[in-house]
Student: 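My questions all concern the structure below.
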Amino acid sequence: MDILLQPRQPFSFTSVMYSHGWIRLAPFREDDDGASLHTLAVLRSGRVADLHVSDAAGDVRVTTSAALDDAEIEEVTETVRWMLGLDQDLAAFYARCQHEPKLANAEREAKGRMLRSPTFFEDIVKTILTTNTSWSGTIRMVDALVGEYGEPLDESGERRAFPTPASLSRANEPDLRNVAKLGYRAPYVLEFAQRTESGDLDPEVFKHSDLATLELRKRILEIKGVGGYAAASLLMLLGRYDYLPVDSWARKMVSQEWYDGQPVGEPEIQAAFESWDEWKGLAYWFWEWDDTP
DNA sequence: GGTAGACCTGGACGC
DNA sequence: GCGTCCAGGTCTACC
């Protein structure tokens, strides 16, 4: 069945889809034509829904292989609106971009929304798995988690959603460490899943939290395995751009852009985007670096 | 509050 | 083919 959704304009489906590397992490999958994506979501009923999400002449079409009841349609609608940030208002950011040549195309190309997973739980686990490893390592670890612990779409088990907190909390640490190859991150992921499953922590409330960004960051940093870089990345997924996800790539880009290739530290990177205030994360992420493909 | 070392893996490199 | 080194963030212990 089809569900048609209207985004706040300006909107570009492919700008969201390729806003960062998430599209390459299971269970996300892009179609061969690069114009639509697939993922699977575990609904509140426990049922697994396969979502094929595509552009529909400026709107968004969600296609599921199975019929959904009214409550499920509402849940899928809410989920996809969140994943693509369809309700985000970036007008103030675009107004700032008009005065910056390196972001002059941001509004025309509708840059600014970042692809999110169906749940913030999934985004937090994936973000922990981006730390202290190569991108290929992250892809391998996420593949392994989905393959080993993900909720199957059907009896074949060929397609699986991202593991639920319940499923991951039942995993044992040696398997996460050695089979899923999470290494030293295994206890972090396990503890986070167990805290979520027990109700000690509800990552989904972060999605629409009224907390000030500083306080929200403090809460996120309480999750073991999440440090400054990961917290800034997660805040950006929540639509809070006050902090920069400073990693080795950021150091390299800022060094090349403003410091003639000389090594730079976090203070220099922060200083480079200080004037962007609450938009600094977005300005940094969508900046047209000299070696941007 | 700041810093050093450990954590784990894959890739690059030299032999 | 094997061994060594290094990059990639976060945590913990220590000063």
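Below, chain A is the first sequence line, B the second, and so on; all start at residue 1.
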Student: Taking atom P of dC11(C) as reference, at what distance in whole Å does atom OH of Tyr229(A) sit?
Tutor: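 So the OH-P distance, Tyr229(A) to dC11(C), works out to 14 Å.
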Student: Calculate the interatomic distance between Leu234(A) atom CG and dT10(C) atom C1'; express it in whole Å.
Tutor: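 Taking CG of Leu234(A) and C1' of dT10(C), I get 14 Å after rounding.
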Student: Heavy atoms under 4.0 Å, any strand shown: does Ser134(A) hit a base, just sugar-phosphate, or nothing?
Tutor: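 No contact.
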Student: Distance check: side-chain N/O of Arg140(A) vs OP1/OP2 of dT9(B), anything under 4.0 Å?
Tutor: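 For dT9(B), OP1/OP2 do not have a side-chain N/O of Arg140(A) under 4.0 Å.
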Student: Is there a residue in residues 171-188 of chain A whose heavy atoms reach under 4.0 Å of DNA chain C, and which residues are they?
Tutor: Tyr184(A), Tyr188(A)
Student: For Asp33(A), I'd like to know if atom CG has over 12 heavy atoms of other residues, nucleotides or ligands within 6.0 Å.
Tutor: yes
Student: Can you find a side-chain donor-acceptor pair between Asn105(A) and Glu288(A) that sits under 3.5 Å?
Tutor: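 Distance-only check passes for Asn105(A) and Glu288(A).
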Student: Just say parallel, tilted or perpendicular for the rings of Trp287(A) and Trp289(A), cut-offs at 30° and 60°.
Tutor: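 Aromatic pair Trp287(A)/Trp289(A) classed tilted.
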Student: Specify the closest pair of heavy atoms between Ala180(A) and Arg140(A), including all atoms of both residues, with the distance to one decimal.
Tutor: O-NH1, 4.5 Å
Student: How long is the line joining CG of Leu221(A) and P of dT12(C), in whole Å?
Tutor: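 Atom-to-atom, Leu221(A) to dT12(C), this comes out as 13 Å.
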Student: Atom CD of Glu222(A) to atom P of dC11(C): distance rounded to whole Å?
Tutor: 12 Å
Student: Restricting to non-hydrogen atoms, name the atom on Arg47(A) and the atom on Ala66(A) that form the minimum distance, rounded to 0.1 Å.
Tutor: NH2-CB, 3.3 Å
Student: How many whole angstroms separate atom CD1 of Ile128(A) from atom P of dC8(B)?
Tutor: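 The distance from CD1 of Ile128(A) to P of dC8(B) comes to 16 Å, rounded to the nearest Å.
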Student: Is there a side-chain contact between Thr133(A) and the phosphate of dG9(C), meaning an N or O under 4.0 Å from OP1 or OP2?
Tutor: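 Thr133(A) to dG9(C) OP1/OP2: no side-chain N or O under 4.0 Å.
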Student: Nearest whole angstrom, please: distance from the P of dG9(C) to the CD1 of Ile269(A).
Tutor: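 Atom CD1 in Ile269(A) sits about 11 Å away from atom P in dG9(C).
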Student: Touch check for Ile223(A), heavy atoms < 4.0 angstrom, all strands: base, sugar-phosphate only, or nothing?
Tutor: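 Sugar-phosphate only.
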Student: Would you mind classifying the nucleic acid contact of Gly137(A) as base, sugar-phosphate or nothing, using non-hydrogen atoms under 4.0 angstrom?
Tutor: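 The answer is nothing, as Gly137(A) stays clear of every strand by at least 4.0 Å.
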Student: Which nucleotide in the set dG9(C), dG11(B), dT9(B) lies at the smallest distance from any side-chain heavy atom of Thr131(A)?
Tutor: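 Closest nucleotide to the Thr131(A) side chain: dG9(C).
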Student: Compare every heavy atom of Arg8(A) with every heavy atom of Asp87(A), then report the nearest pair and how far apart it is.
Tutor: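 Looking at all heavy atoms of both residues, the closest pair is O-NE, 3.3 Å.
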Student: Give the rounded distance in Å between these two atoms: CH2 of Trp135(A) and P of dG11(B).
Tutor: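 Spelled out: CH2 on Trp135(A) to P on dG11(B) is 15 Å.
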Student: Identify which nucleotide among dG10(B), dG9(C), dT12(C) has an atom closest to any side-chain atom of Lys224(A), counting heavy atoms from C-beta outward.
Tutor: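 Of the options given, the side chain of Lys224(A) lies nearest dT12(C).
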Student: Among Tyr243(A), Tyr241(A), Trp258(A), which residue satisfies the ring-ring contact (aromatic ring centres under 6.0 Å, His included) criterion with Phe273(A)?
Tutor: Trp258(A)
Student: Output the rounded distance in Å from CG (Asn132(A)) to C1' (dG11(B)).
Tutor: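 My rounded result for the distance is 14 Å.
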Student: Examine dG10(B): is either OP1 or OP2 under 4.0 Å from a nitrogen or oxygen in the side chain of Ser136(A)? Give yes or no.
Tutor: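 Checking Ser136(A) against dG10(B): no side-chain N or O falls below 4.0 Å of OP1 or OP2.
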